[in-house]
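Okay, so here's the structure we're looking at.
Fair warning: this is a prediction, and the values are worked out from it, not measured in the lab. So you know, we letter chains A, B, ... as the sequences are listed, proteins then strands, and number each from 1.
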Number of protein chains: 2
Amino acid sequence: MGERRFSRQRERIYQAVRASQVHPTAQMVYEELRAQMPRLSLGTVYRNLHLLAEEGLLVELDGPVARFDAQLRPHTHLRCMRCGCVADAEMAYDGGLDIQAARDGWQVESHSLIFNGICPACGKESEHLKGA
Amino acid sequence: MGERRFSRQRERIYQAVRASQVHPTAQMVYEELRAQMPRLSLGTVYRNLHLLAEEGLLVELDGPVARFDAQLRPHTHLRCMRCGCVADAEMAYDGGLDIQAARDGWQVESHSLIFNGICPACGKESEHLKGA
DNA sequence: CTCCTTAATAGTAATAATTATTTTTATTGT
DNA sequence: ACAATAAAAATAATTATTACTATTAAGGAG
């Protein structure tokens, strides 16, 4: 029956991300693998990256859409994993973290702390589904 | 001489972000303002959001390109503000933060902590410039 | 091992997000 | 008011991502 197949492409895409230290974009994975797999298509890379993320083998950083915030005092955010909305968290921003994060030759100036979860609205929807 | 002018559009765009609680995208700002400013163009919104961010009046969250990571154990990242590269930080992930962040009806499951700074490579470039 | 089913690919087209360009408008100093 | 030009509008172009369709190939049944 309809089992998920683990194709050579998916395996290579997964390994490419694992081997990389730069948290690559889809385009970067595509260009790297194309040398050895000339017929690989970018769509395949995108599809597999998302499938792998869905299976929990990869994590996706950042979104594909920029957002803006007028609250300048450094603070933290909550992002809904379901609808994508973003809200301010009430947690205090800990500037001391930046000092701890220093590493190698990096000069750290600030940080952004985003909590992933389910927003009130989406949480209610889930309850309804459960109740049905 | 070439002074920066603070146009009505820029003012309204800035205020729209300030008034919003949702950390809006450019598209969202555009749609909201269009009701009162039918001739406003999306390009103007983008340009002003970036100008405002450059001036330090706004902060830009997320980037326009998705990145992927095969390191599943929750961890923290370093991002270069100049070249955009991303690296793993050596700082431990503090799962306890998620509990502190709970708020309203939010269910918090995880967080992502990204430090902003200058990577070793870009740091060296700056030194060269200073030396010249 | 060969055949069949169908998941997954390649190739391509379409959409969405963002940036660049060109002409027009309007702010500001004189 | 007028000139100089920053910024806007309008539009085109680019980049990022997703959707669609025909073809390929993985994996189980015989």
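- Between Arg47(B) and dA7(D) there is no side-chain N or O to OP1 or OP2 distance below 4.0 Å.
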side-chain contact (heavy atoms from CB on, under 4.5 Å) between Ile13(B) and Leu52(B), intermediate numbers included: CA-CA 9 Å; Ile13(B) 288 166; Leu52(B) 289 163; 4.3 Å; yes
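- Taking only side-chain nitrogens and oxygens, Ser41(B) never comes nearer than 4.0 Å to OP1 or OP2 of dA10(D).
- Of the N and O atoms on the side chains of Asp88(A) and His23(B), at least one donor lies less than 3.5 Å from an acceptor on the other residue.
- Among the atoms of the strands shown, none is found under 4.0 Å from any heavy atom of Ala26(A).
- Residue Leu40(A) is in sugar-phosphate contact alone, with no base atom involved, counting any heavy-atom pair closer than 4.0 Å across all strands shown.
- Rounded to an integer number of Å, the gap from Glu11(B) CD to dA7(D) C1' is 15 Å.
- Listed nucleotides: dA8(C), dT27(C), dA10(C). Nearest to the side chain of Thr44(A): dA10(C).
- Listed pair His50(B) / dT19(C) meets the phosphate criterion, a side-chain N or O lying under 4.0 Å from OP1 or OP2.
- Between the CZ atom of Phe68(A) and the C1' atom of dT18(C) there is a distance of 10 Å, rounded to whole Å.
- At least one side-chain heavy atom of Leu61(B) sits less than 4.5 Å from a side-chain heavy atom of Val59(B).
- Looking at heavy-atom distances under 4.0 Å, Arg10(A) makes contact with sugar-phosphate atoms alone, never a base.
- The side chain of Tyr46(B) contributes no N or O atom lying less than 4.0 Å from OP1 or OP2 of dT19(C).
- Between Gln9(A) and dA25(D) there is no side-chain N or O to OP1 or OP2 distance below 4.0 Å.
- A close approach under 4.0 Å does not occur between any side-chain nitrogen or oxygen of Arg39(B) and OP1 or OP2 of dA8(D).
- Checked against dT18(D), dT18(C), dA8(D), the side chain of Asn48(B) finds its nearest nucleotide in dA8(D).
- Of the charged side-chain nitrogens involved, none lies within less than 4.0 Å of a carboxylate oxygen, so that Glu32(A) and Arg12(A) do not count as a salt-bridged pair.
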